[in-house]
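Report on the following structure.
From a predicted model like this one, the values you see are computed outputs, not experimental measurements. Letters go in sequence order (proteins before strands), and every chain restarts at 1.
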Amino acid sequence: MEILSIFRDEAERLLRNAGYPGKVEQAREEFGDFTFPCFSLAKERKMNPALIAKDVVRNMEKSEYFEKIENVGAYVNFTINPKKLAEITLSSIIQGEIFKFEEKGKVIVEHTSANPTGPLHVGRTRNSIIGDTVARILRRFGYDVEVQYFVNDVGKQVATLLWGVKNLRVEEEGEREDYRYVKYYQAAYEELEKRPEIEKEVQEIIWKYERGDQELRNLAEKYVGGIMRGIAESLKRINVEFDEFVWESSLVERSRKIPPMIKEYLKEENGAYYIDLKKLGVEEKDKLFLYRSDGTTLYPLRDIAYHLYKAEKARYNIDVLGEDHKLHFQAIKRIIGLLKPDTRLDALFYSFVKLPEGKMSTRKGRVVYLDDLVEEGMKRVEEIIRKRGYSEEEKKKITKMVAVGAIRFHILNVQEEKPITFKWENALNFEGESGPFIQYTHARAESIMKKTSWDRSFNSQYISHPQEIKLVKLMARYPEIIKEAAMKLTPYVVAKYAYSLASQFNQFYRDCPVIKAESGIREFRLALVYSFKALIKDLLELLGIEAPEKM
RNA sequence: GGGCCCGUAGGCUAGGGGAUAGACUGUGGGGCUUCGGACCCCACGACCCGGGUUCGAAUCCCGGCGGGCCCGCCA
């Protein structure tokens, strides 16, 4: 139940009864909670908007839901009755009702799906963090969510890696397989640039691998599998996990059955096959190639097979993709629309993270690896908490929680489609609008609760301080924030909301003593602190950030 | 050449027809006999440019400029 819509509906009911039906909007804070601008009505009725606003107020009946309804210029402003709102909001949180949403069926979220050619870098991590967070939000919103990673082991990149493994000798350094094996990939690419004729050998690897060549399968299992283990381990450190890894090679046979199903869009050119995209209604591109002339499959074909596989498992599918996939996705969506018209396919696009010196590139070794970012983050956190007298074990746990909190929040706090330039000091910011700020605020609230006992009873009649009212109003927005983030696939709104809530709590904290407050007020404030803590903990969880009790 | 996305204080980012453009960081000041100073308060500082639509444009439309991406028998 969206708490504020109870009040919004009531405001609109009052407007109707006053003879001026219309929709209210969110008001600026200093004017109240909802507002009804009278400009368009003024135009319709050819009257002065300010006079209309006056008349609306004159004809309005009283309501226990609002403590004040008044006109300011051409606006009719509604101020919610805080006692009523506090009662509804706090009991909804304390009983856990606020976290329950209607069940909505199954959805598969595919994210990351980075080529398994080396360790995960920070650029790709934006995909993982956004994808993981949107999955968490959808789960909260009532979906049965399954998270998948599409492992591209059939493509040219992996063939290049395997060519390197077979033909080159490199120093394998480091503990983890992804760091060891990426050297083959980088060396193979260098070689390929020097001697373009190697291309043929790479093609041959693709051909053989697709047909199940045992030696190559074994190599892929070791090297691609090893790199995937590394990637999964890196992601696990920042709380990203998957339900299923789907390997492309497992879909090759299946993908070959697809072209006959869309024969009327299929064309041939020198032995290669493509889909006529114009005919499909995609204007921006002509041909989508499915087969090479040597008969091996191309990524679009395997991707169609994969989407078909997903569509059979779930009626709703979401891909988290870099903006470079926009056109490709448009084509895939059309094709799945033909093959599985009763399913829904959405994409969440994000812009790249680049370095001040340019785009990240695994090939060129111009990257910041996720692991390095996490390590550096932990180092900086440790610096701060060194003197706080935590045990070794506590210190280790807190250090990781806070570093990951900073990293995830930094990525999530920006609209997905805006480009990010990676800078260490921003990615590892612990102050102000940051993950650690929110975690710290949670720890503060926790600290109050620990110092006192409370039987979960409260009386909303005691609400009076402006900071109490502001905090309740902000908390009441939780359901609509979740709904917006889930429906528009915009996880950043949850990050922004979590920050504003924490920030508001800190202001409340400054002005409103809790433990020392007199009886009545004290219980009410404890209900506020408890509710804030429950809410912010949930929001942090949605952002994939742990909520430490002390830090 | 064509298409898509982005342009808001020194840096980073909300708002996406409506009231005085909201934060964070930075810089300068201030606040613990008070529940945790990774906090709080005050000040400074911004809508890329030019037209148009509108009672009203940071927001919508058109045209520039700047940045990113796409238009592969790569993925």
- Task: Name the nucleic acid region contacted by A:V529, choosing base, sugar-phosphate or nothing; use a 4.0 angstrom heavy-atom cut-off, strictly under.
- Result: nothing
- Query: Within 45 degrees of the axis of the six-membered ring of A:Y274 and under 6.0 Å from its centre: does A:K267 put its NZ or CZ there?
  - Reply: no
- Task: Rounded to whole angstrom, note down the P distance from B:G22 over to B:C42.
- Result: 13 Å
- Counting any heavy atom closer than 4.0 Å, what does A:K359 reach on the DNA or RNA strands: base, sugar-phosphate only, or nothing? sugar-phosphate
- Query: What one-letter contact string describes nucleotides 29-35 of chain B from 5' to 3', where B marks a base within less than 4.0 Å of any protein heavy atom, S marks contact via sugar-phosphate atoms alone, and - marks no contact?
  - Reply: -----SB
- Message: I'd like to know whether the aromatic ring centres of A:F508 and A:F505 sit less than 6.0 Å apart in this structure.
- Response: yes
- Note on the structure: Quick tally for nucleotides 10-21 of chain B: nucleotides whose base has a protein heavy atom under 4.0 Å get B, sugar-phosphate-only ones S, the rest -, giving -SSSSSB-BBS-
- Which class fits the ring pair A:Y184 and A:Y181: parallel under 30°, tilted 30 to 60°, perpendicular over 60°? tilted
- Can you name the nearest heavy-atom pair linking A:L543 to A:A498, along with the distance? CD1-CB, 4.1 Å
- Message: Heavy atoms only, 4.0 Å cut-off, all strands: where does A:A443 land among base, sugar-phosphate and nothing?
- Response: base
- Within the structure shown, what part of the strands sits under 4.0 Å from A:R380 by heavy-atom distance: base, sugar-phosphate, or nothing? nothing
- Query: For A:G155, which contact category applies under a 4.0 Å heavy-atom criterion: base, sugar-phosphate, or nothing?
  - Reply: sugar-phosphate
- Task: Using the six-membered ring of A:Y509, assess whether NZ or CZ of A:R444 lies under 6.0 Å from its centre and within 45 degrees of the ring axis.
- Result: yes
- Item | Check: A:F437 ring centroid to A:Y499 ring centroid under 6.0 Å | yes
- Report the residues that fulfil salt bridge (Lys or Arg N to Asp or Glu O under 4.0 Å) with A:K396, sequence neighbours left out, ordered by chain and then residue number. none
- Task: Report the distance from atom CZ of A:F289 to atom C1' of B:C71, rounded to the nearest whole Å.
- Result: 13 Å
- Message: Could you check whether A:N115 and A:T117, counting side-chain N and O atoms only, form a donor-acceptor pair closer than 3.5 Å?
- Response: no
- Taken to the nearest whole Å, CZ/A:R292 to C1'/B:C73 is 7 Å
- Message: By the 4.0 Å heavy-atom rule, please label A:E549 as base, sugar-phosphate, or nothing.
- Response: base
